[in-house]
Every structure is written in C-alpha cells, then in structure tokens.
Amino acid sequence: PECTSTTASIEVPGLQVIENYLTQAQEEVLMAILTGPQAPWAPNQRNMSQTGDVKRKVQHYGYVFDYKTADVLRDRTEPGHSDCPPMPAMSGELTENGLEEDAKTGKGWEALAGVVEKTRQYKFDPKESVSYPNLNQLTINHYKPGEGIGSHVDTPSAFGGGLISISLNGGIVMEFRKVDSPSTKKLVYLPPRSVVLMSGPARYEWEHMIVTRRTDCHNGQVLPRKLRVSLTLRTALTLEGAPLPLVESNMFPPSWGSQSGGDQGDSNDTTTAALTTPATERDHVHAVYDAIATQWHHTRGKRGVLWPGATQFLQRLPKGSVVADVGCGDGKYFPAVWEAGSYVIGTDISRPLLETAFGVAGEHTKPNTNERNPNIPETRQVSAHREGLRDRPAVAVADCMHVPLRTSSVDAAICIAVMHHLSTPERRVRCIEELVRIVQPGGTINIQAWAMEQEQNSRRRFAAPDVFVPFNAQPKYLEKVEWNKGKNQTSDQEPPASESKPPEEKGNSVEEQKSVAELYSEQYTKADYDERKGLVVFQRYC
C-alpha cells in the first residue's frame with residue numbers, strides 16, 4: 001500500500017488529528033459495550049448508489065443516517081428503520097477523573113456518555129474557542145480487517161460543520177482527495193484512541209475514504225489491520241439548518257420506540273421471560289460450546305483444570321452424598337465427587353460436551369497393566385474400585401432453567417462457571433431457584449462464576465460486566481461441515497482447503513484458495529476468521 005510519508009507535504013485545511021484522546025481503560029470499556037452482547041446493531045441498508053448492502057456493521061444513536069438517501073431520518077416516530085437508541089446521557093458533571101473511574105469500574109454506558117460530552121466541550125482550537133456543543137448523532141462503524149468505506153463527503157444539508165471520529169482498537173490510514181482536483185490526495189494515519197476533526201475545507205472540499213485492504217503503510221512501516229470500531233459524532237440538522245433536538249437517556253441497555261413503553265407485567269411474565277432462551281445465549285453460548293466441545297475437553301477437562309473452591313466444597317461433603325452438577329459440561333468435576341465418596345448426576349445444555357464426559361476404556365491405566373497412566377492429571381484419576389463410575393456417568397441433556405430432578409432429591413448441588421453465561425437477571429434468579437428446589441432442606445449449594453473484579457496478576461480481565469470473550473478454535477477439533485450448504489450443517493466431507501493439496505494440485509477457484517480455518521468460519525454462524533493465526537474465532541457471552 002502507498003505510504004503516508006508520500007503525501008506528508010500535502011496540507012488539508014480544517015483537518016486535525018489528536019492522538020491519545022482516550023485512555024486505554026476508556027477504550028477497553030467502550031469496545032466491551034459497543035461490540036458486546038447488548039450492542040444495538042442496525043439492520044443492513046442499501047448504500048446511496050443502491051449497488052448493494054453496506055458491508056460493515058453499524059449502530060446509530062440519536063438519529064438514523066439513511067445510506068440509501070444519504071440523509072438523516074429526522075422523524076424518529078416514522079415507521080420502519082428511523083427508530084434507534086437515544087444518545088447516552090450524563091448523570092452528573094463531567095470530570096476527567098470521573099470518566100476514568102467509570103471506565104475502570106466497567107460502567108460502559110456512563111463512560112460513553114462521558115466521552116460524548118467531553119467531545120462536545122473539547123476546544124479543538126483554543127485560540128478560536130472552537131467546539132461542537134450540539135453533537136446529537138452518533139454512528140458506530142465496525143470495520144473488520146479488509147473492510148473500508150467509499151470516497152464521500154458527508155451530506156452538508158444533513159449535518160453541521162464539524163465531523164468528528166474516534167478510533168478504537170485498531171488504527172487505519174484514511175485517504176483524503178480534493179473534490180475539484182481528485183489527483184490531489186493526503187494519506188493520514190489514525191491511531192487507536194485518537195480523534196480526527198474534519199471542519200471547514202476538510203469537511204466540505206475534500207472527500208475521505210478508507211481503502212479496502214488488510215494492511216496500511218505509515219512512515220515506512222507496514223501495519224496489519226485489526227478490528228477497528230469508530231465513533232462518528234455529528235450535529236444532525238433540521239431542513240432549516242438548525243440542530244435537531246437532543247434525544248438522550250442514561251438507561252443501559254438502551255430501550256427506545258416500542259421497547260420503551262408499556263407495563264412491565266406481572267410475575268408470570270417475568271417467569272416466562274426467564275424460561276425463554278435469548279438469541280444471545282443460543283448463538284453465543286449453546287451453539288459455541290456445541291461447536292468447540294472436543295477442543296474444550298482436550299484443553300480443559302483432560303488437563304484436570306478445576307476451580308479450588310469447588311473441589312474443597314466437594315471434599316467437605318459427607319460420604320455417600322448425592323450431588324447435582326448443573327451445567328457440568330464435560331464432567332471434569334465428576335472424579336472429585338467420586339473420590340470424595342459421593343455420587344453425581346450431571347446435566348448440561350450441550351450434548352457434544354456431555355458426550356466427552358464418558359471415559360474411554362483403558363485410557364487411565366498403562367497398556368496391559370492396572371497401573372495408573374502417569375499422563376492423566378491427579379484431579380482426573382479415581383480409585384480402581386470406582387472406575388466403573390467413569391465409564392457410565394449419570395448425565396442428562398437439560399437446561400438449567402428446568403433441571404430434570406425431583407424436588408429435594410439431592411444432598412448438594414454445584415453450578416460452576418454457568419451463571420456468567422446467563423444473560424438476564426431473571427434467568428440467573430431462575431437458575432438459583434432450581435438449585436434450591438432440587439436440594440433437600442439442610443443441603444448445600446456451591447455457585448461460582450467469573451467476576452469482573454480480578455486479581456492484579458489474573459490472566460483474565462473484563463472491561464464491563466456483560467461482554468463477549470473470544471475462543472480460538474483449531475479447525476482439527478471442529479466437526480467436519482458440508483461445504484457450499486447452509487451454516488452449521490455437518491457431514492464427513494473434508495473441506496476443500498488449498499493447503500491440504502500439493503502446490504501442483506491446487507486449483508484456481510476462490511474456494512480452493514481459502515484456508516481450512518477460513519472455510520470453517522464461513523460455515524459456523526457467528527464465527528470469525530483470524531487470518532494471522534489461522535484460527536476460527538467464536539465469541540462466548542460472559
């Protein structure tokens with residue numbers, strides 16, 4: 001790609017780039033909520049030339065920008081796609097310390113409100129006291145590596161004079177071309193956490209674009225693109241040219257239009273809501289664990305990775321206790337239950353995970369002997385007289401909203417690393433109620449889940465309470481899929497991957513030039529392709 005240094009001498013009046021506009025904590029919490037489970041992505045729209053859909057994902061706040069007409073939809077009550085979430089509202093006065101505290105404590109909506117208000121108040125030209133206090137529209141753009149946007153000038157009649165964009169997570173080279181002299185161009189690198197202002201000539205006399213490619217060149221260095229999320233802030237105008245009214249709310253997740261009115265209903269409605277599996281859980285919990293079950297068991301269960309608090313709880317139970325393991329996954333806590341002298345009944349929503357809970361005959365002993373296999377972790381080993389329990393564990397496919405056990409039928413229950421996969425308070429309460437129901441009076445329950453607050457040396461850090469956590473899947477562990485058919489259909493057919501053939505046998509079709517991981521990512525719903533690592537990336541709701 002052409003380097004920014006080749007156009008270093010070109011000046012674009014009204015163009016200003018400010019680096020480190022946000023702190024790292026602010027960037028992290030904004031990424032967490034704006035790409036997380038509650039992000040209100042807009043439906044796909046046609047672009048202004050009507051040549052196809054807008055490829056990148058977008059979110060609109062305040063007012064919708066209609067790509068088909070290249071205009072702002074001023075009437076928020078108009079049926080169709082004119083409705084969108086409100087702008088985030090401040091609940092108090094803006095201070096830098098307060099904004100940073102919101103970011104560090106995972107208050108993403110408050111942090112977003114603070115960043116918007118900071119941008120309204122920011123003096124882009126202190127000498128002239130230039131600021132943009134009427135910013136009332138926000139568009140979030142989600143650029144995967146290789147995605148871009150065509151050359152354009154934001155519609156002058158739709159938006160006021162200052163166009164502001166904040167970059168999160170990944171940097172990008174933006175190209176500017178003079179409208180009346182297209183051969184005159186300027187390449188500008190926008191680093192992560194920076195803000196760019198286009199005002200005056202930069203706003204009206206220069207088009208801007210992001211070229212569709214996977215790398216950029218800045219000051220002689222080739223930079224691979226990463227996922228980039230941009231926050232574009234504008235002042236939406238009435239047909240007479242005045243700022244439209246500010247529509248804002250301090251509620252998160254934001255509700256609007258038909259979502260925001262009406263009675264919240266009685267307790268029966270709450271129960272019904274708890275029993276209905278949200279799409280977030282179906283797509284980003286159930287479907288993900290079904291897909292990654294083999295690798296999950298290989299990297300977690302087989303290594304005997306257990307949470308200490310859970311094993312200590314099991315060891316303190318009276319011998320002969322019957323334990324319900326709700327959300328047992330691959331049954332990695334079963335050996336700890338058996339060795340404590342208790343019995344376990346496991347349930348999980350994922351049948352593929354449960355299937356990995358069954359032991360393979362002879363895998364725990366040396367070949368042709370009764371000696372323990374030294375490659376099996378201590379936490380997965382059981383005494384010889386309990387080996388039969390491993391081969392035929394008591395398991396059932398079941399939702400933790402409906403545990404298939406009689407009331408007061410077990411002495412104890414464990415629910416480990418389940419609660420953070422439930423996406424609403426009602427469903428978390430329902431799960432706890434089910435645990436209480438099945439455990440007899442005087443019994444004990446142990447519930448453990450990920451916490452947002454982590455120790456300083458923890459490998460796991462969360463920027464907000466409800467986020468997506470990536471799982472990097474190796475194609476060799478994924479169930480083979482049937483190519484050129486619908487998502488998630490399976491068969492025994494091998495993928496037509498280019499690297500599986502010798503160079504002389506490789507074809508020229510687009511499909512044959514794709515890697516195994518890329519082909520798999522196209523077949524699994526909600527999965528992405530990590531080109532640099534050659535992995536299929538699933539997003540887990542946590």
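Along the sequence shown, residues are numbered consecutively beginning with 1.
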Run the side-chain donor-acceptor check on residues 164-177: report pairs under 3.5 Å with partners two or more places apart or on a different chain.
unit_1	atom_1	unit_2	atom_2	d
Ser167	OG	Arg228	NE	3.2
Ser167	OG	Arg228	NH2	3.0
Asn169	ND2	Leu227	O	2.7
Glu175	OE2	Arg177	NE	2.7
Glu175	OE2	Arg177	NH2	3.1
Arg177	NH1	Pro182	O	2.7

CA sep, side-chain torsions, deciding dist, call: Val418, Ile416, side-chain contact (heavy atoms from CB on, under 4.5 Å)
CA-CA 6 Å; Val418 173; Ile416 311 302; 6.0 Å; no

Ion pair present between Asp71 and Arg74, side-chain N to carboxylate O less than 4.0 angstrom?
yes

Should the pair Arg214-Glu531 be classified as a salt bridge under the 4.0 Å nitrogen-to-oxygen rule?
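Yes, charged N to carboxylate O under 4.0 Å.
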
Parallel, tilted or perpendicular: which one describes the rings of His142 and Trp41, with boundaries at 30° and 60°?
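Perpendicular.
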
Show me the donor-acceptor pairs, under 3.5 Å and distance only, between side chains in residues 111-119 and residues at least two apart or in other chains.
unit_1	atom_1	unit_2	atom_2	d
Glu117	OE1	Arg120	NH1	2.9
Glu117	OE2	Gln121	NE2	2.8
Lys118	NZ	Tyr21	O	2.7
Thr119	OG1	Tyr21	OH	2.9
Thr119	OG1	Val115	O	2.7

For residues 533-542, which side-chain donor-acceptor pairs fall under 3.5 Å, sequence neighbours excluded?
unit_1	atom_1	unit_2	atom_2	d
Arg540	NH1	Tyr289	OH	3.1
Tyr541	OH	Arg428	NH2	3.3
Tyr541	OH	Asp466	OD1	2.3

Pairs where residues 191-205 contributes a residue and the test salt bridge (Lys or Arg N to Asp or Glu O under 4.0 Å) is met, not counting sequence neighbours
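Found Glu27-Arg193.
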
Please answer whether the main-chain N or O of Ile10 pairs with a side-chain N or O of Lys186 as donor and acceptor at a distance below 3.5 Å.
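Side chain of Lys186 to backbone of Ile10: a pair is present.
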
If we ignore hydrogens and angles and just use 3.5 Å, is the side chain of Trp109 paired with the main-chain N or O of Ser249 as donor and acceptor?
yes

Could you list the residues that satisfy side chain to side chain contact (heavy atoms under 4.5 Å, CB included) with Ser157, not counting sequence neighbours?
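Scan of Ser157 (side chain to side chain contact (heavy atoms under 4.5 Å, CB included), adjacent residues dropped) gives Thr155.
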
Verify the ring-centre separation between Phe65 and Tyr63: is it less than 6.0 angstrom?
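So the answer is no for these two rings.
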
Check this for me: Lys144, atom NZ, are more than 12 non-hydrogen atoms of other residues, nucleotides or ligands nearer than 6.0 Å?
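Counting other residues, nucleotides and ligands, NZ of Lys144 stays at 12 neighbours or fewer.
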
Audit row: Lys123, Val130, side-chain contact (heavy atoms from CB on, under 4.5 Å) steps and yes/no:
CA-CA 5 Å; Lys123 305 297 183 185; Val130 175; over 6 Å; no

What pairs with Ser423 under side chain to side chain donor-acceptor pair (under 3.5 Å), at least two apart in sequence or on another chain?
Glu281

